[in-house]
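First the structure, in the form of C-alpha cells, and then the observations on it.
None of the values given here were measured: they were computed from a predicted structure. When a ligand or atom number is given, it counts from 1 through the structure's own listing order.
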Amino acid sequence: MSLYDLLIHDGILVTSNGAKYADLAISDGKLVAISPQLTGSASEEIDATGLHIFPGVIDAHVHFNEPGRTNWEGFATGSRALAAGGTTTFCDMPLNASPPTLDAASFALKREASEAASLVDFALWGGLVPSNIEQLDELAECGAIGFKAFMSNSGIDDFDAVDDDTLQRGMERAARLGKLVAVHAEDDHLTTKLAREAIKKGQTSVRDYLQARPVSAELDAIQRAIGIAEATGCSLHIVHISCGAGISLVAEARARNVDVSCETCPHYLVLTEEDMERMGAVAKCSPPLRIKAEQEMLWEHLRMGHIQTIGSDHSPSPTTMKIAQSFFQVWGGISGCQSLLSLLLTKGHHERNLPLSLLTTLTAEAVARRFQLPGKGKLVIGADADLALVDLQAQTILHTEDLHYRHQQSPYIGMSMRGQITQTLLRGRTVYKQGQCSTQAHGQLLTPQRR
Ligand SMILES: NC(=O)NC(NC(N)=O)C(=O)[O-]
Ligand SMILES: [Zn+2]
Ligand SMILES: [Zn+2]
C-alpha cells in the first residue's frame with residue numbers, strides 16, 4: 001500500500017522566501033509533505049536532482065479565443081503552450097472569443113469549452129462594456145474573477161470600450177459585488193485622434209503607430225482609472241503597463257491605500273520599439289513596446305516590488321491578420337504565453353540577478369493572492385501540487401517547432417533562453433514532459449474564494 005501517490009526527490013524548491021532543498025510528497029493532487037530526506041513509499045517517484053521546482057505559473061492575462069475563434073488559438077493549443085512553459089493556471093480574458101464573456105450564458109459556453117479541452121486549470125474574466133452593466137451580477141454569480149474593461153478601442157468589434165461614466169457605474173456595481181475591475185488603460189480620444197490624423201496623411205508605418213500611442217495616453221487613462229477606483233472603493237487591476245511612470249502612479253495610489261494593483265508583460269521587459277520596427281506585426285501590441293529607458297525603469301520597479309503580477313497578454317491571431325499594408329491594420333497582440341517563465345529566468349534572474357523568490361511572487365504567489373485563487377501559487381502543505389521543474393543550467397534557443405500555439409509565430413523565436421522547463425505537473429499529474437504534452441484535459445474552473 002503506497003504511502004504517497006508521488007514522491008519528488010532532491011529538488012530545489014523556490015518559494016517567495018527563497019530556495020531550499022526538499023523532497024515533496026503528493027497525494028490526491030495536494031502537497032502533503034515537504035521536507036529533506038522524506039521517507040516512505042510512493043506509486044511514482046521523480047528524481048529532481050539538479051532541478052529547481054517552482055510553483056506552477058498563474059498567467060492571469062491570456063486570450064484563447066474560444067468559443068467562436070478557435071482558428072485564432074483555442075483552449076487545447078493554448079493550454080498545451082502554457083503547460084510547456086510551466087504554467088498551470090490561466091485566466092482567460094472576456095474578449096476575442098465569440099461571443100465575448102458578457103453574461104451567464106456566454107460564461108457557461110466558455111466554461112464548457114475550456115473544461116473539454118484545457119490541460120491546466122483556469123479562471124474566467126467577465127467583460128465590462130456599456131451594454132452589460134446589468135449582467136455583472138450574474139457574471140459574479142458564475143464565478144468570474146473580475147470584470148475587464150477597455151478605456152480605448154479593444155481592436156475587436158464585439159467588445160466596446162467604456163467612457164469614464166460607464167467605467168464608474170461598472171466599478172460601483174463591482175464594488176458592491178466585491179469584485180475587481182481590470183482595465184486596459186489608454187486614452188481613447190487621443191489614440192483615436194492621432195491614428196486618424198496619421199492614416200489621413202498616409203503615415204501608416206510602425207513608427208507612425210508608435211507615435212499614435214504615446215506614453216501620455218497611457219498615463220492619462222491610468223490616472224483616471226485610479227481616480228474612479230478611489231471614488232468608488234472598487235478594487236482595480238491595471239493590466240499590461242508599459243512605462244515606468246505608469247507603475248509610479250500605481251505605487252503612489254497604493255501608498256494612499258487605494259486598492260489598485262498592476263501587471264506588466266514580458267514583452268515590455270525584453271523588447272523595445274526598435275524590435276517592433278525590426279520585427280513588425282509579430283511584435284505589435286497596445287500599449288506598444290517602448291524605448292529602452294522605459295524598459296529599464298520597469299525592471300527597477302520590478303526589483304522594488306512596485307509591480308504585483310506578470311501576465312503574458314497572449315493575444316494571437318491567424319497569420320493572415322498579421323499582414324497588411326498599414327501597420328494600423330495588422331492584428332495587435334503578441335503570442336508569448338509559452339515563454340513567460342523562461343523569459344523572466346533568462347532576462348531577469350540570469351542577466352539581472354533578480355532573485356528567484358521575486359519571480360515566484362510575480363508569477364504565482366501574488367497572482368493567486370490578488371485573484372483569490374485558494375490552494376494555488378505556493379509550495380505549502382495542503383496546496384495543489386502545481387509544479388514547474390526547471391533546469392536552470394540549460395541554455396536553449398527557441399525554435400518555431402518548439403511552439404505549441406495554433407499559429408507558430410512569436411517575437412521570441414531565435415532567442416537564447418536560460419532555464420528550461422523539463423516537466424510540468426497539475427495537481428500532481430504530469431501535463432508536460434520534455435517536449436511532450438499530456439493528451440488529457442483535466443483543467444478545472446477556479447472561482448475566487450474570499451478569505
Ligand atoms: N483584443 C485584444 O486582444 N487586445 C489585446 N491586444 C494587445 N495588447 O495588443 C489587449 O490586451 O489589449
Ligand atoms: Zn489590453
Ligand atoms: Zn489582453
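The pair R290-E218 meets the salt-bridge criterion, since a charged nitrogen lies less than 4.0 angstrom from a carboxylate oxygen. With respect to the salt-bridge test (charged N to carboxylate O, under 4.0 angstrom), the residues R429 and D386 do not qualify. Ion pairing of K292 with E273 is absent here, as no side-chain N (NZ or NE/NH1/NH2) approaches a carboxylate O to less than 4.0 Å. Using a cut-off of 4.0 Å between Lys/Arg side-chain N and Asp/Glu carboxylate O, K110 and E66 are scored as not salt-bridged. A salt bridge does not link E172 to R176: none of the charged side-chain nitrogens sits closer than 4.0 Å to a carboxylate oxygen. Remark: R369 engages E365 in a salt bridge, criterion side-chain N to carboxylate O under 4.0 Å. Salt-bridge formation is detected for the pair K376/D121: a Lys NZ or Arg NE/NH1/NH2 atom is positioned less than 4.0 Å from an Asp or Glu carboxylate oxygen.
Shown here are the protein N/O/S atoms lying under 2.8 Å from the Zn ion (ligand 3), water excluded: H61 NE2, H63 NE2, D313 OD1.
Relative to the six-membered ring of F327, K284 meets both conditions, a distance below 6.0 Å and an angle of at most 45° to the axis.
Residue contacts with ligand 1, taken as heavy atom pairs separated by less than 4.0 Å, involve H240 solely via side-chain atoms from C-beta onward. With a 4.0 Å cut-off on non-hydrogen atoms, F159 does not touch ligand 1 at all. The side chain of N96, and not its backbone, has at least one atom closer than 4.0 Å to an atom of ligand 1 (non-hydrogen atoms only; side chain from C-beta on). Under 4.0 angstrom from ligand 1, the non-hydrogen atoms of L95 all belong to its side chain.
Annotation for E296: atom CD counts as buried by contact number, over 12 foreign heavy atoms lying within 6.0 Å.
Interface atoms of ligand 1 facing W331, defined by a heavy-atom separation under 4.0 Å, are 1 (N), 2 (C), 3 (O). Short contacts between ligand 1 and H61, defined as distances under 4.0 Å to a heavy atom of the residue, involve ligand atoms 11 (O). Near G333, the atoms of ligand 1 lying under 4.0 angstrom from a non-hydrogen atom of the residue are 9 (O). Annotation for ligand 1: atoms under 4.0 Å from non-hydrogen atoms of F150 are 10 (C), 12 (O). The distance from ligand 1 to the heavy atoms of C285 drops below 4.0 Å at these ligand atoms: 9 (O).
Considering each of S317, S242, S315, the one bringing a non-hydrogen atom nearest atom 5 (C) of ligand 1 is S315.
The salt bridge (Lys or Arg N to Asp or Glu O under 4.0 Å) test applied to R303 returns E300, not counting sequence neighbours. The salt bridge (Lys or Arg N to Asp or Glu O under 4.0 Å) check on D187 picks up R224, with sequence neighbours excluded.
Looking at atom 9 (O) of ligand 1, its nearest protein heavy atom turns out to be S286 N, 2.7 Å. Shortest contact from atom 6 (N) of ligand 1 to any protein heavy atom: G332 O, 3.1 Å. Nearest protein heavy-atom contact of atom 8 (N) of ligand 1 is D313 OD2, 2.7 Å. Nearest to atom 12 (O) of ligand 1 among the protein's heavy atoms is H184 ND1, 2.9 Å.
The shortest heavy-atom distance from S154 to ligand 1 is under 4.0 Å.
Pairs engaging residues 137-157 under the salt bridge (Lys or Arg N to Asp or Glu O under 4.0 Å) rule: D137-R173 [sequence neighbours left out].
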Decide yes or no on ring pair (Phe, Tyr, Trp, His ring centres under 6.0 Å) for F64 and F90, but give the supporting numbers first.
CA-CA 10 Å; F64 282 167; F90 68 89; 5.0 Å; yes
